[in-house]
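After the structure tokens below, expect a handful of questions from me.
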Amino acid sequence: MIPTYAGSKVILIVGGTSGIGRATANLAVARNYAVCIAGRDKQKAQKVLEENNSDRESVRFIQTDIRESKQVAQLIDEVVRIHGKLDYACNTAALDEGIGIPLADVEEQDYDDQMEVNLKGIWLCMKYEIRQMLKQAGGSIVNVSSLNGLGGAKGASVYSAAKSGILGLTKSAAQDYATSGIRINALCAGAFRTPMLERVFSQINPDNPSAVEEMYKSLIPMHRIGAPFEAAEAILWLLSEQSSYLTGHSMIVDGGLSSSLR
């Protein structure tokens, strides 16, 4: 039985049209949150709306390009216009251009695209989410980083740099606003079965992506790829009052992959 935590809580999920963000949106709807998802792709968003029978107002889609400051500001304004407040925000949006390529071979455009979305975009979201939460004297934010953000990864130099930057933003902002009723934490995600991970497997070995997956699973003590809802469970707990004494934290959810290194 799925527990109901907060019927009146308003949650914004940036990148809520795919992967971990989509799973978080579905779980939040099931727990009676008022959900807004943001992203660029209307077709992906429509699938999320259909999954949640969104002729009722359980989930709304607000098309947003988080690389644009004006659009991010408008996103937060629209959430508040619809629901009157913003209790929780989960920033999951990410690009994977350039993954699987050694640093010297990464194209400059791929670097720019990743940094604009994976780091600048998250910073912009936090900037305007925090401004709204200051008006309300409270709120909670979770940024989705990665194990790659805790260290380097072969063929993922730019992605790792951006995800490391997210942890720096999270920990610094958590200290800035700890006495303002705003908690800010991060999820360091391991391997979850998302479209992005499937693309990465294919980029590494286009002829046999399943071989890459099997190799990766052999490194994970639990010997499996995580289901997106398992990440969503952690995100909703970090956002909720159940974790009320937690801020500036990086929660690692990776099936034990990094356990021998920490």
Side-chain angles (χ1 to χ4, degrees), residues 1-39 41-64 66 72 74-93 125-126 128-144 181-187 189 192-194 226-247 249 251 253:
M1 182 177 179
I2 298 175
T4 298
Y5 289 156
S8 62
K9 295 295 185 182
V10 177
I11 180 171
L12 168 65
I13 303 168
V14 179
T17 62
S18 183
I20 289 173
R22 181 175 179 174
T24 304
N26 290 341
L27 188 59
V29 170
R31 291 181 175 169
N32 292 330
Y33 288 91
V35 180
C36 290
I37 59 173
D41 194 319
K42 284 185 177 181
Q43 289 185 328
K44 289 182 180 178
Q46 187 57 39
K47 293 179 182 179
V48 182
L49 299 180
E50 290 169 358
E51 286 172 348
N52 292 287
N53 300 317
S54 202
D55 48 315
R56 58 192 180 96
E57 297 181 357
S58 56
V59 56
R60 307 282 193 102
F61 171 60
I62 304 170
Q63 190 171 26
T64 308
I66 64 170
V72 177
Q74 290 172 339
L75 166 66
I76 304 305
D77 288 345
E78 182 65 6
V79 172
V80 175
R81 185 194 68 79
I82 294 169
H83 294 295
K85 60 177 181 173
L86 174 63
D87 296 300
Y88 301 150
C90 174
N91 301 313
T92 74
C125 290
M126 292 175 67
Y128 290 102
E129 291 159 0
I130 289 168
R131 286 184 176 183
Q132 174 58 34
M133 290 175 179
L134 286 171
K135 294 177 185 177
Q136 304 167 180
S140 182
I141 297 171
V142 169
N143 298 314
V144 176
I182 301 172
R183 296 186 305 106
I184 306 170
N185 293 292
L187 179 77
F192 286 90
R193 194 165 298 284
T194 64
F229 84 86
E230 293 175 297
E233 289 276 9
I235 288 168
L236 291 187
W237 182 80
L238 284 170
L239 287 170
S240 77
E241 284 69 22
Q242 291 182 321
S243 62
S244 58
Y245 196 52
L246 203 64
T247 195
H249 180 60
M251 176 181 281
V253 183

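Position 1 is the first residue of the sequence; numbering continues from there. Excluded from the calculations below are hydrogen atoms, water molecules and symmetry mates; all remaining heavy atoms, backbone and side chain alike, are included.
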Separation of Glu129 CD from Leu75 CG (nearest 0.5 Å) =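 Atom-to-atom, Leu75:CG and Glu129:CD are 7.5 Å apart.
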ask   = How long is the span from the CG atom in Asn143 to the SG atom in Cys90, to the nearest 0.5 Å?
value =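 SG of Cys90 is found 8.0 Å from CG of Asn143.
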query = Has the side chain of Thr247 got a donor or acceptor atom that lies under 3.5 Å from a matching backbone atom of Arg183?
reply =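 A pair under 3.5 Å: no.
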message = Are Thr17 and Phe61 packed together at the side-chain level, in the sense that at least one heavy-atom pair is separated by less than 4.5 angstrom?
response =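 Of all side-chain heavy-atom pairs linking Phe61 with Thr17, at least one is under 4.5 Å.
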inquiry  = Between Gln136 and Leu86 (side chain of the first, backbone of the second, donor and acceptor by atom type, cut-off under 3.5 Å), is there such a pair?
reply    = yes
request  = Start with the C-alpha distance between Glu233 and Arg31, add both sets of side-chain angles, then the distance that settles salt bridge (charged side-chain N to carboxylate O under 4.0 Å, His left out), and finish with yes or no.
outcome  = CA-CA 11 Å; Glu233 289 276 9; Arg31 291 181 175 169; 2.9 Å; yes
Asn185 side-chain N/O to Leu246 backbone N/O, donor-acceptor pair under 3.5 Å = yes
task = Supply the atom-to-atom distance Thr64 OG1 to Glu78 CD, rounded to the nearest 0.5 angstrom.
result = 9.0 Å
request  = Could you grab the distance from atom CD of Gln74 to atom CD of Gln63, nearest 0.5 Å is fine?
outcome  = 12.0 Å
query = About how many Å separate CD of Gln132 and CD1 of Ile182, when rounded to the nearest 0.5 Å?
reply = 10.0 Å
inquiry  = With heavy-atom distances below 4.5 Å as the criterion, would you say the side chains of Arg131 and Ile76 are in contact?
reply    = no
query = In Å and rounded to the nearest 0.5 Å, what is the CD1 to CD1 distance from Ile235 to Ile20?
reply = 6.0 Å
request  = Please check if the side chain of Thr92 supplies one atom and the backbone of Val14 the other of a donor-acceptor pair under 3.5 Å.
outcome  =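 Yes; at least one donor-acceptor contact below 3.5 Å.
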